[in-house]
Amino acid sequence: MHRVLNVAEKNDAAKSLARLLSKNSASMREGFSRFNKIYEFNYQLFNQPVQMIFTSVSGHIMNCDFMAAHKNWAQTDPVILFDATVQKKVTDRALDIEKTIKREVVKCRTLIIWTDCDREGENIGYEVINLCRPLKANLKIYRARFSEITFNSATRALANLVQPDERVSAAVDVRQELDLRIGAAFTRFQTLRLQRLFGFDSKQVISYGSCQFPTLGFIVERYLQRENFISEPFWKIAVEHQTEAGEFCEFTWERNRLFEHQPCLMIYDMIMDEPLAKVMDVKSKNKSKWRPVALDTVEMEKLASRKLRMTGKKTMEIAEKLYMKGLISYPRTETNIFPTEINLQPLVQNQANDQRWGAFAQRVLNDGPQPRNGKNTDKAHPPIHPTRYPDGQLTDDENKLYELIVRHFLACVSKDAQGDETTIKISIANENFNASGLIIREKNYLDVYVYDKWSEKELPHYELNQTFYPTKIEMAQGETTAPQLLTESDLIALMEKHGIGTDATHAEHIAKIQDRLYTKMNSERRFEPEKLGLGLCEGYDKMGHALSKPHLRAELENQLKAICEGRANPADVLREQIDKYRQVFIATSVQIQKLDDSMTKYFGPPGQNPPPPPPPRPPPSGPFGDPPQTSRNNNNQSARPQQPRPPPPARPLQQEQIRPTNSTGVPKCNCDADAKELTVKKDGPNKGRSFFRCGNNDNCNFFAWKDDVTPSNAGGGQRQFGDNQANSLRKRQQSDNDDDVKPRKCGLCKQTGHTRRNCPSLNL
DNA sequence: GCAAGGTC
């Protein structure tokens, strides 16, 4: 009988595939590796009986590295590493696996590759093929393509065997070689230089990597955005109403906020002239809050970070343990679609006796589990889900993560929450304000998914066209606030978005840049760069090669895709990329002073060992404060941040309306003379308020309130009144300030020929 | 002593 060697990416897959295809009749024996067993059974393949031998690797069994001659850091000029010979060979820890495969393949006529159907899987397949081909003449080689490990999928793969895809594998070879050459060259160069100049410990590696550096870059970029942030004031109008029954309702302005004080004040004045609110629209509609989509690795890490305060790395370690105990499915997956082959019923049933969520699981069983699926599939693994109920003790962390996975799973297969949303639109003096309320009808998934909140808000009843006087109309000042530092969840999302790392590795990159002392998680669990991270990013950014930005990696990713799809030749891509990075490397070594200067800012001048204490906290004058004096470098400018603090964005409207003033705070009028300060004498809300007019020309229409041209006084006003007071307030005179001015002018812009109602300045 | 990618 012919023998067929089948090799999967890991033992677990080999075991499951053998079990499914043999209908549970496979026998197991040991190989050389204690983790990778051999499973055997008879099968009908190509219309003839064969003996199937299933075994596995453990991911990659080979690694790409330099030859011994180039492994010595001190004796190798790093630039050579762009051209030095590299070789791929079996790693020490995979020697046992190699031995098993070599022993088994010589007994077989056919080799079938069952590695994961992604790019790395194809490459791992070729590692196996390259091991086997020299040992057996006329070995027939096939690739099994399967989207999940189920009977149907595996049977279909065997009935439709294809050839392995050399292009896909070649793309991975290109990536491996580039990552190695670039990583090693920059790491050795900067480590040796910074150790020598700034006295870092000889054991402290200052690494560069095409994933770790952009990850650090995200953190530094956000940090600098915060440091350089300039807050801008804004103004808004808030309306509140308390009904006679005592019910309370807050309305928000449809314009949200304005960045200029004057126009906001004009509108506010207009509203205060006629503060009668009219209900323009009352809408009520069903609103659903969607249950979560099936769980993939990225989402699990983000959730665990936000809800369990667990780092991505920790989460993956614990998930791995749960997986090894058979409690959850494979935790490294990009798939958030449940394959139709998976029977969800028994998986829900497993949870039905739990005290915490058993009753909910029972409800799901009664309705029939209906997963909410996302849009991604890696064609290798299902979404993360519980596979059985624990029968023994779990650690605290294991319990927490298992609970998260179960609750997410049950939520995903249950029903969306249902509610009724009411929105009320009112208009006051042609300005619109909205209020919205929510009543939850059915909590559904929210009953089990304790991580989501949906807050109810009840509104008073309003009738269409009803009018009322608000209890409070307030013009409030606020200011824009700086963006927050990144959480781990933010960081993972950014990496995902820019294609930095894979679902299996981003937690490792985040851990690595902390190990390297480039960044740390602060007490609020947000990432702030350390001096070393800031110095490195700033230095490289000044050189202008965007090494700390994600674009280079994204560009490589596009080229790899082109290789996979046959649009690009792997050798060409490799050569181009190596040439490009060699150039970047050379340019970097020419401009390395820029890195030294940035490092000097944080670690003091070079040549001192050990490094001096850090400079004092930067003064508020700039993002970094003034650089310390360097003994070697007289040109302090070079150590300054290259980007000066940007001026606040110009706001032309504001400049027209809030006039520049002279040293005593008096503005120029329209005929360019110093304006004249007057005070409102007439009784009314503005009595006693100072304003400016042209001092010498009746035809000059200039007017400005004094508190509008005095920056320290630019805040908003606040007025409160009850319904009974409204009449007196809305009768504010538009000519309060026009004591001695004829003819009457617009109360807003002080021009003649129109009134507040049709003032052109309201066309904001 | 270096990267990133698999996996135990």
Side-chain angles (χ1 to χ4, degrees), chain A residues 8-15 33-37 56-66 70-76 78 80-82 84 86 88 90-91 93-94 96-97 115-128 169 171-192 194-195 200-215 297 316-317 319-321 323-325 330-333 378 380-381 495 499-509 511-513 515-516 547 552-553 556-557 560 581 585:
Chain A
E9 190 157 319
K10 55 190 160 291
N11 182 65
D12 190 68
K15 184 178 169 184
S33 155
R34 51 188 275 253
F35 299 112
N36 305 83
K37 316 287 186 192
S56 56
V57 289
S58 290
H60 285 286
I61 54 173
M62 293 183 169
N63 194 27
C64 182
D65 208 351
F66 299 108
H70 291 126
K71 288 191 179 170
N72 185 310
W73 288 34
Q75 288 161 21
T76 309
I80 291 174
L81 299 178
F82 288 99
V86 293
K88 240 182 135 172
V90 177
T91 57
R93 45 189 291 286
D96 286 341
I97 294 171
T115 47
D116 293 355
C117 292
D118 52 23
R119 211 155 70 190
E120 296 295 329
E122 209 65 22
N123 189 266
I124 294 167
Y126 268 89
E127 291 177 4
V128 174
S169 174
V172 173
D173 284 334
V174 169
R175 176 196 63 70
Q176 285 176 348
E177 199 178 318
L178 278 169
D179 283 341
L180 174 67
R181 292 186 189 280
I182 299 163
F186 278 92
T187 298
R188 291 187 193 184
F189 175 65
Q190 72 185 19
T191 299
L192 293 176
L194 298 180
Q195 280 178 359
F200 290 105
D201 189 275
S202 64
K203 287 194 180 67
Q204 184 177 349
V205 172
I206 303 171
S207 58
Y208 174 86
S210 56
C211 288
Q212 51 178 273
F213 232 58
T215 306
T297 304
M316 292 310 289
E317 279 167 19
E320 188 66 43
K321 286 187 184 142
Y323 169 64
M324 294 306 289
K325 292 182 179 178
Y330 188 65
R332 283 181 280 272
T333 175
D378 58 19
H381 310 285
M495 295 172 77
I500 304 299
T502 68
D503 56 328
T505 61
H506 36 227
E508 288 170 32
H509 297 311
K512 179 158 273 174
I513 56 178
D515 290 347
R516 297 283 193 231
L547 288 173
L552 288 168
R553 182 78 193 181
L556 173 61
E557 195 57 36
L560 296 181
Y581 275 96
F585 183 84

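Computed from a prediction, not measured in an experiment: that's the story for all the values here.
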Phosphate OP1/OP2 of B/dG6: any A/Thr502 side-chain N/O under 4.0 Å: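 Yes, such a contact exists.
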side-chain N/O A/Lys321 vs B/dC8 OP1/OP2, d < 4.0 Å: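 For A/Lys321, the contact criterion (side-chain N or O under 4.0 Å from OP1 or OP2 of B/dC8) is not met.
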Contacts of type salt bridge (Lys or Arg N to Asp or Glu O under 4.0 Å), residue [X], not counting sequence neighbours:
| X | value |
| --- | --- |
| A/Glu9 | none |
| A/Asp503 | none |
| A/Asp65 | A/Lys71 |

Counting side-chain heavy atoms from C-beta on, which of [options] comes nearest to [X]?
| X | options | answer |
| --- | --- | --- |
| A/Ile124 | B/dC8, B/dG6, B/dA4 | B/dG6 |
| A/Tyr323 | B/dG5, B/dC8, B/dA3 | B/dC8 |
| A/Thr505 | B/dC8, B/dA3, B/dG6 | B/dG6 |

Heavy-atom donor-acceptor pair, A/Asn36 side-chain to B/dC8 base, under 3.5 Å: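 Looking at the base of B/dC8, it does pair with a donor or acceptor on the side chain of A/Asn36 (distance under 3.5 Å).
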Side chain A/Asp65 and base B/dA3 donor-acceptor under 3.5 Å: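 Counting by modelled atom types and ignoring angles, no donor-acceptor contact under 3.5 Å is found here.
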Charged N-O contact under 4.0 Å between A/Glu177 and A/Lys88: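 No, no charged N to carboxylate O under 4.0 Å.
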A/Glu557: partners by side chain to side chain contact (heavy atoms under 4.5 Å, CB included), with sequence neighbours left out: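 Residues passing side chain to side chain contact (heavy atoms under 4.5 Å, CB included) with A/Glu557: A/Arg119, A/Leu560.
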DNA chain B-proximal residues of residues 201-208 of chain A, any heavy atom under 4.0 Å: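 Going residue by residue through residues 201-208 of chain A, the ones with a heavy atom under 4.0 Å of DNA chain B turn out to be A/Ser202, A/Val205, A/Ser207, A/Tyr208.
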Ring pair (Phe, Tyr, Trp, His ring centres under 6.0 Å) partners for A/His509, two or more places apart: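 Ring pair (Phe, Tyr, Trp, His ring centres under 6.0 Å) list for A/His509, sorted by chain: empty.
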